[in-house]
Amino acid sequence: MEKKLRFNSATIHGGQAPDPAFGAVMPPIYQTSTYAQSTPGGHKGFEYSRTHNPTRSALEKSLASIENGKHGLAFASGLAAMDAIMKLLQPGDEVISTNDLYGGSYRLFTKIFEGFGLKFHFVGMNEVAQVEAAINKNTKLIWVETPTNPMMNVVDISSIAALAKQHQLLLAVDNTFASPYIQQPLNLGADIVMHSATKYLAGHSDVILGAIIVNSDDLHQRLAFIQNASGAVPGPMDSFLTLRGIKTLHVRLQRHCENAKVVAQYLANHSKIEKVYWPGFEHHPNHEVAKKQMNDFGGMLSFIPKGADFKAAIKIVEALQLFTLAESLGGVESLAGHPASMTHASIPKAIREESGVVDALIRLSVGIEDAQDLIDDLAQAIG
Ligand code: P1T
C-alpha cells in the first residue's frame with residue numbers, strides 16, 4: 001500500500017515513480033501512437049495511445065493524487081472533459097448548473113447538449129433552497145463552478161453534496177479557479193471534479209488540457225469508456241508539460257494568493273474603483289463559506305471602475321502593460337480580460353448581466369510577478 005502523501009509532496013511525487021526502463025526521474029514523453037505486440041493482445045498494458053499512453057497515465061495518477069481521488073482521466077481540453085461528463089447523461093435528463101460560469105461551458109451546455117435532448121437550469125447557488133427548487137424527477141446532475149468565472153461567487157460544496165445525495169444526483173465541481181491547493185471537492189462530497197488544467201495545474205500558459213477525477217470505480221469505468229470511444233485525449237507532450245506544471249502548483253499558488261490579496265486591497269482602496277469581487281473580503285457575500293471550504297482565496301478577481309461603461313473598461317485593459325490582455329488565466333504571468341467581449345461573449349447580454357457580468361467588468365488573473373510592479377501597472381492604467 002503506497003503511503004498517502006501530504007499535498008506539497010503529492011504534487012511532486014503523487015502516483016509517480018522513476019520510469020522502469022532507465023530510471024528517468026521525469027516520466028518520458030512516450031511520443032508513440034502504438035505498441036508492439038508479440039501475439040494479438042500480447043502487450044505490456046499499452047496497445048494504442050487513444051486508449052492509454054504511459055505519459056498520460058503518469059499524469060492521470062498525479063491528478064488523482066492531488067485531488068485525493070482514486071482515478072484521474074486526462075482530456076484534450078477542459079471543455080473536452082466537460083463533454084465527456086455530459087455524455088454520462090441521456091436525452092430527457094436535466095442538469096442544474098450555477099448561473100455564473102465560464103462562457104464556453106454555457107455554450108457547450110446550451111448550443112451542443114440541449115440539441116441532444118438534455119435540459120439545463122441555470123440558478124444562483126448562494127442558497128441551497130434555490131437548487132432544491134429546481135430538482136424534478138428528470139434531474140440527474142448538479143454542475144457547480146466555484147469560485148465562479150468571473151463573478152467570484154463561492155458555492156457551498158458540502159451543502160450541495162448533501163442535497164445531491166438526498167436526491168441521488170451526481171455532483172460535479174469545476175475546480176479550475178481554485179485548484180486542489182485551495183479546495184478538494186471530493187473531500188467535500190462531490191462525485192466528480194473537473195479542471196481546465198490549461199490554467200493553474202499546467203500553470204505556464206503553454207498547454208490546453210482537461211482533467212476529471214473521481215472516487216467511484218463505476219464512474220471511472222464509464223468515463224474512461226467515453227474518453228476512449230469519443231477520443232478527445234491529450235498528446236504525450238501536453239501530458240508531460242502538465243505533469244511538470246503540477247510539481248510547482250503549491251509554490252505558485254501560494255504566491256498567486258498573496259499577490260491577489262495585495263491587488264484586491266489596492267483596488268478596493270482606489271478612489272476610481274466602484275467594486276472589487278474577491279472572496280477574501282469579509283464583506284464578500286460568501287466569505288464565510290470561502291473560509292470554511294478554501295485554504296486561501298485564489299489568484300483571480302474582478303472589478304468595476306467607477307462610472308465606467310464598455311469603452312472605459314476597454315481603455316483600461318488596453319492601457320495595461322505588465323498585465324497582458326488575453327483570454328485564459330492561472331499562468332505565472334498576470335493577465336487581464338474583458339469578460340463581456342472575450343470569455344463570456346457567447347452568453348446573451350441579458351443573461352450575462354443578470355449574473356453581474358456587465359460591460360464595465362474587468363477580470364484579472366494575478367500572476368506571480370513582484371506585487372508592486374502589478375500595482376504600478378494598474379495605477380498607470382486606471383489613471
Ligand atoms: O479552455 P479549456 O481548457 O477547454 O477549459 C474550459 C474552461 C472550463 N472551466 C472554466 C472555469 C474555465 O475558466 C475554462 C476556460 N476559461 C477560459 C479560457 C477563461 O479565460 O476564462
Side-chain angles (χ1 to χ4, degrees), residues 59 63 73-86 95 97-113 122 125 143-155 157 172-180 182-183 185 190 192-213 227 230 232-235 238-239 241-242 245-246 256 277 279 298-302 317 323-331 333-347 352 355 357 361-367:
L59 170 62
L63 291 167
L73 291 164
F75 290 82
S77 68
L79 285 176
M82 293 179 69
D83 180 90
I85 294 167
M86 292 303 141
V95 177
S97 164
T98 35
N99 63 349
D100 162 30
L101 76 171
Y102 171 54
S105 307
Y106 179 87
R107 183 179 55 199
L108 178 71
F109 293 167
T110 57
K111 295 275 166 43
I112 303 290
F113 281 103
F122 297 95
M125 293 199 180
W143 184 270
V144 167
E145 189 180 292
T146 182
T148 58
N149 179 0
M151 296 312 299
M152 306 303 298
N153 290 308
V154 177
V155 178
I157 298 172
V173 176
D174 183 337
N175 203 24
T176 299
F177 261 40
S179 92
I182 289 178
Q183 84 194 356
I192 301 174
V193 175
M194 171 262 153
H195 279 277
S196 169
T198 311
K199 313 292 164 16
Y200 288 109
L201 297 189
H204 296 75
S205 305
D206 50 10
V207 165
I208 299 283
L209 197 135
I212 295 176
I213 302 98
Q227 181 195 41
S230 289
V233 293
D238 287 351
S239 299
L241 286 171
T242 306
I246 287 173
H256 280 293
Y277 300 90
M300 297 298 298
L301 60 95
S302 297
V317 293
F323 281 84
T324 304
L325 175 59
E327 309 246 350
S328 205
L329 59 114
E333 64 288 296
S334 292
L335 301 181
H338 180 246
S341 65
M342 296 168 71
T343 47
H344 293 68
S346 53
I347 305 179
R352 81 173 145 70
S355 55
V357 188
L361 189 80
I362 295 172
R363 190 188 76 179
L364 299 180
S365 170
V366 181

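Residue numbers start at 1 and run along the sequence shown. Only heavy atoms go into these numbers, but all of them, side chains included; no hydrogens, no water, no symmetry mates. Each ligand, and each atom within it, is numbered from 1 in the order the structure gives.
With respect to atom 3 (O) of ligand 1, the closest heavy atom belonging to the protein is Thr198 OG1, 2.6 Å. Distance from atom 11 (C) of ligand 1 to its nearest protein heavy atom, with residue and atom name: Asp174 OD2, 3.3 Å. Protein heavy atom nearest atom 13 (O) of ligand 1, with residue, atom name and distance: Asn149 ND2, 3.1 Å. The protein non-hydrogen atom at the shortest distance from atom 7 (C) of ligand 1 is Tyr102 CD2, 3.4 Å.
Those atoms of ligand 1 with a heavy atom of Glu145 less than 4.0 angstrom away are 11 (C). Atoms of ligand 1 lying under 4.0 Å from at least one heavy atom of Gly78, given by number and element, are 2 (P), 3 (O), 4 (O), 5 (O). For ligand 1, the atoms lying closer than 4.0 Å to a non-hydrogen atom of Ser328 are 18 (C), 19 (C), 20 (O).
Between Trp143 and Met86 the shortest side-chain heavy-atom distance falls below 4.5 Å. Counting only heavy atoms from C-beta outward, the side chains of Val357 and Pro150 approach each other to under 4.5 Å. The side-chain heavy atoms of Asp100 and Phe122, taken from C-beta on, include no pair separated by under 4.5 Å. Two residues are said to be in side-chain contact when any heavy atoms from C-beta on lie closer than 4.5 Å; Thr98 and Asn153 fail this criterion. Between His344 and Asn149, the closest side-chain pair of non-hydrogen atoms falls below 4.5 Å.
In this structure, of Met342, His344, Lys199, the residue bringing a heavy atom nearest to atom 15 (C) of ligand 1 is Lys199.
Expressed to the nearest 0.5 Å, how far CZ of Arg363 lies from OG1 of Thr343 amounts to 4.5 Å.
Neither the backbone nor the side chain of Leu101 has any atom closer than 4.0 Å to an atom of ligand 1 (non-hydrogen atoms only). The part of Arg363 lying near ligand 1 is the side chain, judged by heavy-atom distances below 4.0 Å.
Residues Ala211 and Leu63 approach most closely at CB-CD1, 3.7 Å, considering heavy atoms.
Of the N or O atoms in Ile208, none lie within a sub-3.5 Å distance of an N or O in ligand 1.
The closest side-chain donor-acceptor pair between Thr324 and Glu333, if any, does not fall under 3.5 angstrom.
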